Amino acid sequence: MKYFPYFFLFIFLHSNAQNDLTGQLRESLSQSQTTQPIEYANIVLLKMPDSTFYQATISDEKGKFAFASLPSGDYQLLASSVGYVTLSRKLSLTADTDLGILEMATDQQSLDEITLTAIKPTVEKRPDRLVFQVENTVLSTGMADNILKRTPGVVEMNGSYMVQNSPAIIYINNKRVYLTSSELNALLSGYSADNVKSVEVITNPPAQYDAEGVAVININTSKGISLGYKGSVQGKYTIDKFAKYQIGLSQFYKNDWLNVYANYNYNPRKDFKREESQIGFFNPDGTRSERWFMEFENVDRSDAHNLNAIVDISLNDKNSISFSGNLNSNQNNEANTNNQTLILENDATSFSGFDTQTDLERDRTNGFINAAWNSQLNDQGASLSLEGNYIFNNRDITQDLFSTFFDENQNTTGTNSFFTDILQDIDIYTGKLDFSTALGSYDFKGGLKYSRVDSSSEQEFFDTDNGQVINPAQSDLFLYDETIYSAYAQIDRSWSSWSLAAGLRVEQTDVEGDSRSLGLVNTQEYLEFFPNIALTKTANANNSYTLSYRRSIERPRYGSLNPFSFFVNDANFSTGNPNLQPAFSNKVNVGWNHKNTWFVDAYFLHTEDMLAILPFQNNTTNELNSQNANLNYELQYSVDAAYYSYVNNSWYLGASGSLFYMENEFVAQQSGGVDQQLNTTGIYLNAFNRFNLADDRSLSMDLQVGYLSSILVGSYKFENMLTTNLSFAKRLWDDRALLTLEFNDIFLSQNQPLSSRYLNQDNFYLALPETQTIAVGFTYKFGNFRLDNNEVTAPEEEERTNQKSVGF
């Protein structure tokens with residue numbers, strides 16, 4: 001089935017007179033005899049009776065504001081400014097209206113006339129998600145990655161973000177961010193936290209989200225609802241064994257029809273990583289033949305540039321268009337690895353082995369171009385949007401490896417060397433059509449999506465021990481084409497004590513993978529349905545209960561499909577698999593919410609054909625090959641509990657814990673091809689504390705402690721990791737500047753131990769990256785820095801251009 005038709009019928013009416021609305025904001029007479037005007041206050045108009053957002057502006061230096069050409073009807077006006085009680089007025093417009101002077105009372109929680117108490121973050125539980133509101137709160141300092149690490153239900157594990165023990169898909173403003181873990185962290189560390197409005201932890205994503213991913217983290221940034229210009233410059237210096245730098249510049253301008261945003265980040269780095277591993281090889285009778293001890297030292301030099309830009313144009317009150325783009329360039333990325341392997345045969349007293357020197361060079365350019373049109377169809381909230389994307393990813397990776405072998409007497413017995421050159425070009429084209437409206441008491445969303453992937457990957461493998469001779473057995477050209485047709489429908493409704501969110505997404509996928517050396521190896525055509533439903537019962541003012549279900553998919557990353565081998569040394573390498581199949585997950589969750597402070601969830605997750613990397617040691621050839629593979633299944637049972645609240649006026653506490661059981665099964669390829677089952681029972685504990693150290697809340701201290709006992713990652717068991725981080729933040733110059741100081745991994749216990757032990761397999765891996773770091777950051781805002789701004793977000797499909805990695 002190559003395609004199928006879907007259509008929507010849109011009917012709407014629009015017939016209203018146009019009216020002007022004006023007014024002026026001033027301090028209340030009861031609060032100040034001078035009645036100063038309130039400048040740069042946010043004024044928002046909500047359309048009644050459903051309180052939907054309609055328009056917004058700010059007051060000028062004299063406190064005056066104006067809305068032009070408003071249709072007749074009922075509205076609610078909200079005026080807010082830091083240090084004042086929010087003002088609310090209900091309006092019924094039938095003609096031009098001047099509200100005159102509107103008085104706003106000073107917030108009694110102000111600490112004094114100049115410095116005001118920051119707003120406390122709030123947590124809202126909805127049927128399918130948890131919403132963490134942080135805009136203008138005590139947490140909106142520093143960078144966006146700090147907010148994400150402090151969000152309820154989110155666990156940061158060495159660069160990846162987990163929700164309910166599964167990797168989460170990251171969205172920004174409901175657009176998916178497809179980047180590697182390092183690129184994502186670089187992006188988030190360049191986002192100013194005061195531009196983050198809220199973080200949504202979506203444990204049951206609705207149908208408008210892609211079917212991929214068990215959970216979604218959606219970061220909502222503040223929209224550009226005000227006029228003016230602002231900018232910021234930020235820098236960060238991090239030191240461990242080597243220094244790392246990050247410099248960023250953001251520019252933002254908006255008038256009544258144009259919104260322009262641009263951001264540039266430069267991130268030169270020199271990273272050190274030490275790794276230790278062991279492999280115990282066996283004889284056919286099960287006795288030990290020999291044990292290998294390996295030590296790696298890797299120095300990685302990178303020079304990354306990232307440029308984002310967005311232009312929003314308002315055509316009229318109902319229609320707008322936008323153009324955005326991103327360019328990420330990391331050229332001349334070099335990684336030099338020294339690897340010593342010591343081999344101790346059974347009953348021997350001295351070591352033989354080999355030393356390997358590897359030089360890796362990578363050039364990578366990736367980015368996207370996006371164009372979108374949005375139309376407000378009527379005053380009841382119906383809207384239509386059309387969006388197109390072009391995504392590109394180009395890589396050139398060369399590896400030069402040289403090994404020297406020695407015997408028990410340390411005498412050289414031989415050498416081996418080879419050179420590989422991998423070229424990968426990925427082009428992705430997508431188109432989306434989305435429609436939303438109210439159908440009686442239901443909110444309806446529906447849409448169509450088309451995506452096309454063209455990928456070409458070529459590897460040339462040269463044996464260089466005796467000249468440079470191409471090795472046809474290790475060389476290949478792999479062509480991959482994928483087309484996905486999608487359609488979805490989603491409905492939401494709330495009653496007095498019940499809430500419902502239900503939807504269905506349909507995806508037709510056509511795949512063709514062609515390996516020139518292996519022949520045509522992968523053709524797939526499948527039509528799949530992905531339902532979701534979440535039902536919430538509000539028992540009383542303090543307690544609510546939610547039952548939810550969702551089916552999802554995980555497709556192989558394009559790099560994992562390439563049938564190439566990447567070598568750590570002569571006997572340790574990883575291999576792609578062009579025959580990978582998609583994985584399908586089913587998840588059922590029961591949740592309890594008490595006062596939006598206590599949260600308890602019990603859930604069951606089952607995944608067929610789980611995608612993973614499995615290390616297989618060949619006890620005949622003494623090689624370790626990490627293969628991209630499908631597990632037979634993986635499942636987990638879990639009970640999670642969390643508490644988020646202020647202990648007192650100066651101490652904010654976020655504490656969470658998870659008790660879970662994980663189990664998976666896979667084919668043990670080097671153990672007779674039998675089905676091997678592994679399991680573990682684990683616990684995760686985490687506590688984040690923010691202490692305000694100054695009366696004006698301009699100085700704060702964060703302390704975060706986390707512990708993970710064990711978790712399964714394919715056939716690896718990840719055990720005993722302790723995270724401890726301490727940081728300080730100081731606001732300066734009337735909040736124009738922010739100075740931060742961070743101490744990470746205080747006890748040097750945030751390591752990555754992985755072990756795979758079953759039947760005739762016995763290998764262990766410990767990664768020791770630079771986690772014990774000290775970082776100093778500085779941000780300065782200029783222009784009218786209190787304005788909110790829009791941000792650039794990456795389109796969908798880009799993440800799968802990357803290779804899936806072991807661990808987190």
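Being a predicted model, the structure only gives us computed values, none of them experimental.
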Which heavy-atom pair separates [X] from [Y] by the least distance, and what is that distance?
X	Y	result
Gly714	Leu678	O-CD1, 4.4 Å
Ser457	Ser455	OG-OG, 4.0 Å
Phe660	Ser710	CZ-O, 3.2 Å
Asn577	Ala629	ND2-CA, 4.4 Å
Glu608	Asn632	OE1-O, 3.3 Å
Asp609	Asn630	O-ND2, 2.8 Å

Can you tell me which residue among Asn346, Asn622, Asn283 is in a side chain to side chain donor-acceptor pair (under 3.5 Å) with Glu290? Asn622
A side-chain contact here means heavy atoms from C-beta on lying under 4.5 Å apart; do [X] and [Y] qualify?
X	Y	answer
Leu768	Glu276	yes
Phe296	Ser277	yes
Tyr661	Gln636	no
Asn618	Asn625	no
Phe392	Asp425	no
Thr341	Phe351	no
Glu742	Asn725	no
Asn471	Val469	no

Taking the six-membered ring for Trp, are Phe272 and Phe242 parallel (under 30°), tilted (30 to 60°) or perpendicular (over 60°)? perpendicular
Residues 355-363, side-chain donor-acceptor partners within the protein, below 3.5 Å, at least two apart:
| from | atom 1 | to | atom 2 | distance (Å) |
| --- | --- | --- | --- | --- |
| Thr356 | OG1 | Ser403 | OG | 2.8 |
| Gln357 | NE2 | Asp359 | OD1 | 3.2 |
| Asp359 | OD1 | Asn336 | ND2 | 2.7 |
| Arg362 | NE | Asn333 | OD1 | 3.2 |
| Arg362 | NH2 | Asp300 | OD2 | 2.6 |
| Arg362 | NH2 | Asn333 | OD1 | 3.3 |
| Asp363 | OD1 | Asn332 | N | 2.7 |

Just by distance, with hydrogens left out, do [X] and [Y] show a side-chain donor and acceptor under 3.5 Å apart?
X	Y	value
Thr337	Asn298	yes
Asn579	Asn522	no
Gln704	Asn686	yes
Ser715	Ser756	yes
Thr287	Asp285	yes
Asn760	Ser671	yes
Asp407	Thr413	no
Glu663	Tyr633	yes
Asn263	Asn265	yes
Thr415	Asp465	yes

When you measure from the side chain of [X] to the backbone of [Y], do you find a donor-acceptor pair of N or O atoms at a distance under 3.5 Å?
X	Y	answer
Thr724	Ile746	yes
Ser749	Leu722	yes
Asn393	Ile426	no
Glu719	Pro753	no
Asn628	Thr575	yes
Gln676	Tyr758	no
Gln772	Asp240	no

Out of curiosity, [X] [atom1] to [Y] [atom2], how far, rounded to the nearest 0.5 Å?
X	Y	atom1	atom2	answer
Tyr237	Gln246	OH	CD	14.5 Å
Lys270	Glu334	NZ	CD	11.0 Å
Tyr716	Arg757	OH	CZ	10.5 Å
Met662	Thr680	CE	OG1	8.5 Å
Phe281	Trp292	CZ	CH2	5.0 Å
Met294	Ile343	CE	CD1	9.0 Å

side-chain contact (heavy atoms from CB on, under 4.5 Å) for Leu611 and Ser560? Distances and angles first, verdict last. CA-CA 10 Å; Leu611 291 162; Ser560 301; over 6 Å; no
Using the side-chain contact (heavy atoms from CB on, under 4.5 Å) rule, take Leu759 and Val674 through it: C-alpha gap first, then chi angles, then the decisive distance, then the call. CA-CA 10 Å; Leu759 301 176; Val674 300; 3.8 Å; yes
Full working for side chain to side chain donor-acceptor pair (under 3.5 Å) between Thr365 and Asn394: CA-CA 5 Å; Thr365 303; Asn394 304 313; 5.8 Å; no
State plainly whether the residues Glu770 and Arg269 are in salt-bridge range, i.e. N to O under 4.0 Å. no
Dump the intermediate steps for side-chain contact (heavy atoms from CB on, under 4.5 Å) on Ile422 and Phe566, then the final yes or no. CA-CA 10 Å; Ile422 298 177; Phe566 175 81; 5.8 Å; no
Where do Arg516 and Asp514 land on the salt bridge (charged side-chain N to carboxylate O under 4.0 Å, His left out) test, with the steps shown first? CA-CA 6 Å; Arg516 294 299 172 87; Asp514 184 3; 3.6 Å; yes
Which of Glu554, Gln524, Glu212 passes side-chain contact (heavy atoms from CB on, under 4.5 Å) with Pro582? It is Gln524
If you apply the rule side chain to side chain donor-acceptor pair (under 3.5 Å), what do you find for Asn328 with Asn330, and how did you get there? CA-CA 7 Å; Asn328 190 317; Asn330 194 348; 6.0 Å; no
Identify, with sequence neighbours excluded, every residue that meets side chain to side chain contact (heavy atoms under 4.5 Å, CB included) alongside Phe462. Phe419, Glu460, Thr464, Gln468, Ile470
Checking Thr238 against Lys236 for the side-chain contact (heavy atoms from CB on, under 4.5 Å) test, could you report, in this order, the C-alpha distance in whole Å, the side-chain angles of both residues, the deciding distance, and whether it holds? CA-CA 7 Å; Thr238 304; Lys236 190 173 184 179; 4.1 Å; yes
